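Okay, structure first, notes after.
Because the structure is predicted, anything quoted here is derived from the model rather than measured.
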Amino acid sequence: MHILRYSLPGSPDARVGVLDGDRIRELPDVAELAELWTLRLDDLRERLARPGSHGDLALADVTILPPVDGRTEVWAAGVTYETSREARVEDSERSADIYQLVYNAPRPELFFKSAAWRVTGPGQPIAIRGDSTLDVPEPEVALIINAYGQITGYTICDDVSSRSIEGENPLYLPQAKTYLGSCALGPYIRPAWEIPDPYDLTIDLSIIRSGQAAWTGTASTSQLHRTYDELTRWLLHSDIHPRGVILSTGTCLVPPAPFTLERDDLVRIDITQIGTLTNPVVRGLDAIKTAFS
């Protein structure tokens, strides 16, 4: 079972449904996905088990939308895998000790990534900044956390990042991480109760250029330095998210410098038990604005 947002041909309206195999069962009384994250975990499970009143649809007949809407924000964690720590140290010669310290510190690095309306979904473009020279995708498991702080599901996040901007100065992190086209989510949400061990998920990254694999890598969530509960606890320590929140948990796959994304690349992220997220790459603000117009 997966939870998804989608639209029908010729309609701009987003719908929410449950995907079983290749068939979608609509949740007709759910106007926004964010409404589901106001439910406790047991109540959500019961709600998804109810039969839909609108029959079912074929997955091939709908457009899949990013699995986030309304007032649900996207946040992210950094330096949660050793690979990520090493990449940050490599980028930031003058500030390498910052990333060494945060890797082992009690408090994790957490930062705001995106508002719901800025997120791109499967098949939609991601962007590299026009003022950056070194850019990478960051494939990550993302947690869906409800208003009560419970982890209710998992999806895929591409935390697109400018290594050159962040490497210049760690205070430039918001510019390196938070801009139009820097966050892709999807394609679906896998309920938490359907993944028995979220620390045993394989993550595969492929970057296709001119029809050929320009870079590939494989890792596992078993390499995660922090627990999902720990990251969730810190995110909610002094904050509330009445319509839930999505927390991307950090990357374990970083193409080494001097590799950089280029316009027209295709980024594919596969995570076992969750799905496959594929996005083409564009460069600059004007190119990505067309996806949101």
Residue pair R163 / V254, side-chain heavy-atom distance below 4.5 Å: yes
Check whether any side-chain N or O of E140 sits under 3.5 Å from a backbone N or O of G250 as a donor-acceptor pair, and report yes or no. yes
Is there a path of hydrophobic side-chain contacts, each under 4.5 Å between heavy atoms of I, L, V, M, F, W or Y residues, that connects L266 with I288? no
Looking at L41, is its backbone amide N or carbonyl O close enough to the side chain of Q150 to form a donor-acceptor pair, meaning the two atoms are under 3.5 Å apart? yes
Spacing of CD1 belonging to I156 relative to CZ belonging to R268, to within rounding of 0.5 Å: 9.5 Å
Hey, could you give me the CZ/CG distance between R47 and L39, rounded to the nearest 0.5 Å? 8.5 Å
N-O pairing of K289 and D286 below 4.0 Å: yes
Might you work through the side-chain contact (heavy atoms from CB on, under 4.5 Å) test for V62 and L8, ending with a clear yes or no? CA-CA 5 Å; V62 306; L8 300 177; 3.9 Å; yes
For D42, does the CG atom sit with more than 12 other heavy atoms under 6.0 Å from it, leaving out its own atoms? no
Applying side-chain contact (heavy atoms from CB on, under 4.5 Å), run through T155 and V68 and close with a yes or a no. CA-CA 10 Å; T155 191; V68 62; over 6 Å; no
Shortest non-hydrogen contact from R50 to R25? O-NH1, 2.6 Å
Assess whether side-chain contact (heavy atoms from CB on, under 4.5 Å) is satisfied between L236 and I145, documenting all intermediate values. CA-CA 10 Å; L236 301 178; I145 303 166; 4.1 Å; yes
Does Y228 reach the main-chain N or O of Y199 with its side chain, forming a donor-acceptor pair under 3.5 Å? no
If only atom types and distance count, is the side chain of T72 paired as donor or acceptor with the main-chain N or O of R243 below 3.5 Å? yes
Going by heavy atoms in the side chains, are C157 and C183 under 4.5 Å from each other? yes
Can S222 and D200 be counted as having a side-chain donor-acceptor contact under 3.5 angstrom? no
Can you name the nearest heavy-atom pair linking P67 to I246, along with the distance? O-CD1, 3.8 Å
Taking atom CZ as the centre, does R263 end up with more than 12 heavy-atom neighbours from other residues, nucleotides or ligands that are less than 6.0 angstrom away? no
Side chains of T202 and D270: does their closest heavy-atom pair fall under 4.5 Å? no
Does G149 offer a backbone N or O that forms a donor-acceptor pair with the side chain of R233 under 3.5 Å? no
Return the CZ to CD distance between R283 and E262, rounded to the nearest 0.5 Å. 9.0 Å
Between V267 and V282, is there a shared hydrophobic cluster once you connect ILVMFWY residues whose side-chain heavy atoms come closer than 4.5 Å? no
Just wondering, do L33 and I189 contact through their side chains at under 4.5 Å, heavy atoms? yes
Side chain T260, main chain D135, donor-acceptor under 3.5 Å: yes
When you group the ILVMFWY residues by side-chain heavy-atom contacts below 4.5 Å and let the links chain together, are W37 and L65 in the same group? no
Value for CG (L261) from CD1 (I126), rounded to nearest 0.5 Å, stands at 6.0 Å
Counting distance only, does the side-chain N/O of T272 pair as donor-acceptor with the main-chain N or O of L201 below 3.5 Å? no
Is any side-chain heavy atom of I269 closer than 4.5 Å to one of N279? no
In this structure, OH of Y103 is separated from OG1 of T80 (nearest 0.5 Å) by 8.5 Å
With a 4.5 Å cut-off on side-chain heavy-atom distances among I, L, V, M, F, W and Y, is there a chain of contacts connecting Y148 to I3? no
Donor-acceptor contact below 3.5 Å, side chain T221 vs main chain P198: yes
Say whether, by atom type as modelled, one donor and one acceptor occur between the side chain of H241 and the main chain of E73 under 3.5 angstrom. no
The side chain to side chain donor-acceptor pair (under 3.5 Å) partner of E138 among S161, S182, S248 is S161
Using side-chain contact (heavy atoms from CB on, under 4.5 Å), reason through V141 and L224 one step at a time and then give a plain yes or no. CA-CA 11 Å; V141 172; L224 187 64; over 6 Å; no
I'd like to check L253 versus Y81 (side-chain heavy atoms, cut-off strictly below 4.5 Å). Are they in contact? no
R45 and P191, any side-chain heavy atoms less than 4.5 Å apart: no
Salt-bridge test for D159 and K113: reply yes if a basic N is under 4.0 Å from a carboxylate O, no otherwise. yes
So which heavy atom on F259 is nearest to which on L134, and how close? O-CD1, 3.3 Å
Report, as yes or no, whether the 6.0 Å neighbourhood of atom OH on Y172 holds more than 12 heavy atoms from other residues, nucleotides or ligands. no
Donor-acceptor pair, distance only, cut-off 3.5 Å: does the side chain of S164 make one with the backbone of T133? yes
On a heavy-atom basis, which atom in A77 and which in L247 lie closest, and how many Å separate them? N-CD1, 4.1 Å
Non-neighbouring partners of R71 that pass side-chain hydrogen bond (donor to acceptor under 3.5 Å, both in side chains), sequence neighbours left out: none
V245-Y154 co-clustered via ILVMFWY side chain contacts under 4.5 Å: yes
Residues A184 and L277: closest non-hydrogen pair is O-CD2, 3.9 Å
Should the pair F292 and W117 be assigned to parallel (<30°), tilted (30 to 60°) or perpendicular (>60°) ring geometry? perpendicular
Quick one: pull up CD1 in I165 and CZ in R129 and give me the separation to the nearest 0.5 Å. 4.0 Å
Output yes when D265 and R209 qualify as a salt bridge under the 4.0 Å nitrogen-oxygen rule, no when they do not. yes
Evaluate the side-chain proximity of V79 to H225: yes if any heavy-atom separation is below 4.5 Å, no if none is. no
Would you mind checking if E109 and R226 are paired as a salt bridge, meaning a charged N to carboxylate O distance below 4.0 Å? no
Can you give me the closest heavy-atom contact between P255 and I207, atom names plus distance? CG-CD1, 4.0 Å
Between F112 and W75, what is the ring plane arrangement, given parallel below 30°, perpendicular above 60°, and tilted in between? perpendicular
